[in-house]
Amino acid sequence: MNLFKDSDRSFDSCLKCTACSSRCPVASVRPDFPGPKQCGPDGERLRLKSPDFLDEALKYCTGCKRCEVACPSDVHISDIIADAKARYGKGNKFKIREFLLSHTDLMGTMTRGTAPIVNAVTKTKTAKVVMHKALGIDQRRQFPPYAHKSFRSWYKAELEDKQVFARNVSYFHGCFVNYNLPELGIDTIKVLNAMNIGVQLLKKEKCCGVPLVANGFHKKAKANARFNTDSIEQAIDSGSECVISTSSSCAFMLREDYPRMLGETEGNPHQQVNYITRFLTQEFKNGNKPELKPVNLRVGYHSPCHLIRSGGVLHTLSLLREIPGLQLHQLESNCCGIAGTYGFKKENYNTSQDIGEPLFHQIEEGEFDYIVTDCETCKMQIEMSTSAEVIHPVSLLARALDV
Amino acid sequence: MRRLEADVVVIGGGATGASVFRDCCLRGMHTILVERGDIASGTTGRNHGLLHSGARYAVTDGHSARECIEENRTLKKIAGHCVEETDGLFISLPEDGLDFQKQFVDGCASAGIETQVLTPEEAIRLEPSVNPDLIGAVRIPDGTIDPFRLTSASILDAREHGGTLLNYTKAVGLIIRLGYVQGVRCCDMRTGEMFEIYSRQVINASGAWCHEVMEYADLSVDMYHSRGALLIMGYRMNSMVINRCRKPGDADILVPGDTVSVIGTTSTHVEKDQLDNLEVTEDEVRVLLAEGSKLAPSMMDTRILRAYCGVRPLVSETNSSGGRSISRGLVAIDHAEKDALNGLITITGGKLMTCRLMAEVATDMAARHLGVTKPCETAKRALPGANLPEAMGRKTREARKTGYSLPGSSIPNSVAGSAVYRHGDRARNFMKEDSNWNNAVVCECEVVTRGEILYAIDKLNARTLSDLRRRTRVGMGPCQGEMCACRVAGLLASSREDGEVVLDSLHDFVDERWKGVRPILWGDALREAEFSYWVQEGLLGLSSLQKDEAKPLLEIQEPESEETQCEQEAKQTAQKDTHHEA
């Protein structure tokens, strides 16, 4: 099933300049990956001749979209590759694994009440070997621990009745905040409340669809897009100024990819979705800035690929610069290598770690108190592969309120 | 002076000449083919690449229609790797009405062409790029054929059966003694060397230029040269051939050929002295786009790669008024019978589709004179490369889902598949696991490997960059040689001794690519051209490598003999940016 409504002909504008391939993290560590130009615009011309020309190497694409950032001709390289995999691909032997990894909300729901057991089990050697052998999930990979109580239930129990403000926004928390890191959701509410803005949750939300798309579940991704769009529309109708997200990838999906997946939607609800730092920077600029106390830390900022693609790094950086006392170092722009569910797969593990190596090295050399980044899977990867602790910019901001 | 001998000399290395060459060799005649440029560099290389079903002529020219459908079936059998069985649609638009469709279906029936009348919805489902305003469509067994590959495979077969190919050799005169054509005087266009080939039969298969050869014997023919312009679109927009269901007109055929689609053609008269000097005009481009987008509206937003035109060698039997009304039927003249000049046969008219049939007719004539009784085998015998095992590549519409690959190979599908697509089972000659860098991709747009380039130099007589393009598609993609031209020049230089000659051929290649881009220089094509200029001129300094203009390319001897005239011509050929082709 095609992911996007209109078939993508942007490859026709490709100048063959090869800027994309020169910026591809995978091509730099895997000589057998021909790079985004060959897999994307070049390959698409061949595949229009016959699906036989589909190269198996396309599976190594992480979907980081750095090629699209490099492209001077606005070719949707990463989308073309993802679409080709889904359209012509003959599937693979790890169907169960792809299902488990991509249905993040379902997995989260299943751990409700059993999180401590699940966390303990996924840490055991036996479980890791079983997952490696039976499912193809690399045994060296660490699973993010599930929270004992989901963010949503936390909100319902403790936060909901406190959200009485003149201004309100709705929060698309996403699976990671809900099941793995409710603290980030709580910090977000703390920061926004300090700015006299109330936070509502969407009536219901499903996984934004990023992992579904990456694993070829396009139909499900489209269904989720429709579902979430309804929730967003409902939230806007009932008085929210906009919808915010604390995940750079979810925000990109909701804002940029949904309209292309669903076609024109009346009133452009997707344009009401903002990544949190973009929203906060705008508020700060308009004078709505809470009092911030110094945070005397030395931090390194890692820019996630999808935030680069959506042009949001600027907002996060200017937000961090507002925190007094913070020693901010921008790390070189390198992909961390995990690319969502990609790095969990055993055939990708080495590629994933090789891609991340320059970043890990810089982090270890830098002697930072924290690494700051916007993306949940970058956090998993950096915490697993280095000795650093990783924190979201909003959580850092929340500390400035506390100290 | 050097003298060669042969049973038959064929003049002209287009599709017809190559087919004659093959037919003669298969019948055991010792044959030499002379071609003044490269194979398929005239009309053969400048057409749609349409494997006609004959349906286009079903109403106006029943004889041609029957010839076409018969050859259509034959080519599918013998040239599998040059042909794609895409099928085609004849669509009726509201302005055309459905009256012609009735006549059309009847015409096809009487020519023996199978048809299937479709509803507009069915047609759109089969071919999503078709104009959605259509009011009716007929499905017919059109397909695509690669004229370069067909010519190259015919020549390869001939050479494997004892034939000799002399490309870049111009026939400058006929040796006529006592009413008998005894051979051909030739000039090697590279060195300027004159030599003679003595033969028992000369077959003039020089197509649009056949009057020139006939003039060597003071004969004439009433040729009507009809020029047709075409545009190459950036990618394969359609998967079936799309025709207009009406009387043949301008820009009413859109053919999906290899990685591109081709829209054409126009039909205007061209004077004899302008045959080697063809450029597509602004008006032609405008007409092609305006009419073409009625077949497939997305054409308006699609990049055009280049424009080119060719000349149809039509023979007017009456003083006809226009190119479209003259029959596409073949014309075979045995000058022994017609003009009492023994030893010369002319084969012209016709079309790409009927090249094999034309060759059979001409070779039959020659065989009769030489007392050769071995019958023609070309309709049954597969061309080299066409013996594809089922798993390697099947070209029917249905089989395209599973087709091109090199079984048991670890080479990526796009690389191995492209080689199989172009060379059929002969791809095994250069696509090997243990490749010594031979599987490195040289042309990224069309996926041509180092091995394929070296194979074309070694086995397919390629001597210049443009020759390589005709045999491999190198430089025919969206970047028009921007990325691969210099890589290929490097490979050519490493296998030829004279680097200077290769440099010249690089310049010719770049100029010739530019000539095709010039008429359509806007949008992405303009951006591409500018980027090419940065790379080739700004980065690599191509023009600074050019030889001093004042220095002659060939050493010219005293200007008095016949040879010198020829040398000058050779020099001109070398300097001229040759032709722009598909």
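Proteins get letters first, then strands, A, B, ... in listed order; numbering begins at 1 in each.
Using a 4.5 Å cut-off between heavy atoms, F531(B) contacts chain A through its side chain alone, with no backbone atom that close. Only the side chain of E482(B) has a heavy atom closer than 4.5 Å to any heavy atom of chain A. Residue S298(B) does not touch chain A at all, counting heavy-atom pairs closer than 4.5 Å.
For the atom pair NZ of K49(A) and OG1 of T86(B), the computed distance is 13.5 Å after rounding to the nearest 0.5 Å. Of the inter-residue distances, the one linking S414(B) atom OG with D52(A) atom CG reads 11.5 Å to the nearest 0.5 angstrom. Rounded to the nearest 0.5 angstrom, E56(A) CD and S410(B) OG are separated by 10.5 Å. Note that OH of Y235(B) is 15.0 Å distant from CG of L46(A), once rounded to the nearest 0.5 Å.
In this structure, T259(B) and L48(A) have side chains that are not in contact, with every pair of non-hydrogen atoms separated by 4.5 Å or more. Side-chain contact between R236(B) and R45(A): absent, with no pair of heavy atoms (C-beta onward) separated by less than 4.5 Å.
Surrounding CZ of R309(A) are more than 12 heavy atoms belonging to other residues, nucleotides or ligands, all under 6.0 Å away. Atom CD of E332(A) has 12 or fewer neighbouring heavy atoms from other residues, nucleotides or ligands inside a 6.0 Å radius. Around the CH2 atom of W437(B), the shell of radius 6.0 Å holds no more than 12 heavy atoms that belong to other residues, nucleotides or ligands.
Close approach to chain A, defined as a heavy atom under 4.5 Å from one of its heavy atoms, is seen in no residue of residues 535-542 of chain B. Within residues 9-21 of chain A, the residues having any heavy atom closer than 4.5 Å to a heavy atom of chain B are R9(A), F11(A), D12(A), S13(A), C14(A), L15(A), K16(A), C17(A), T18(A), listed by residue number.
Side-chain atoms of Q38(A) come within 3.5 Å of backbone N or O of E444(B) as a donor-acceptor pair.
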Going through the checks in order, is the side chain to side chain contact (heavy atoms under 4.5 Å, CB included) test met by F53(A) and N413(B)?
CA-CA 5 Å; F53(A) 294 97; N413(B) 296 339; 5.6 Å; no

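Per-residue heavy-atom pair counts under 4.5 Å with chain A were compared for D301(B), V415(B), V447(B), D524(B), and the maximum is reached by D524(B).
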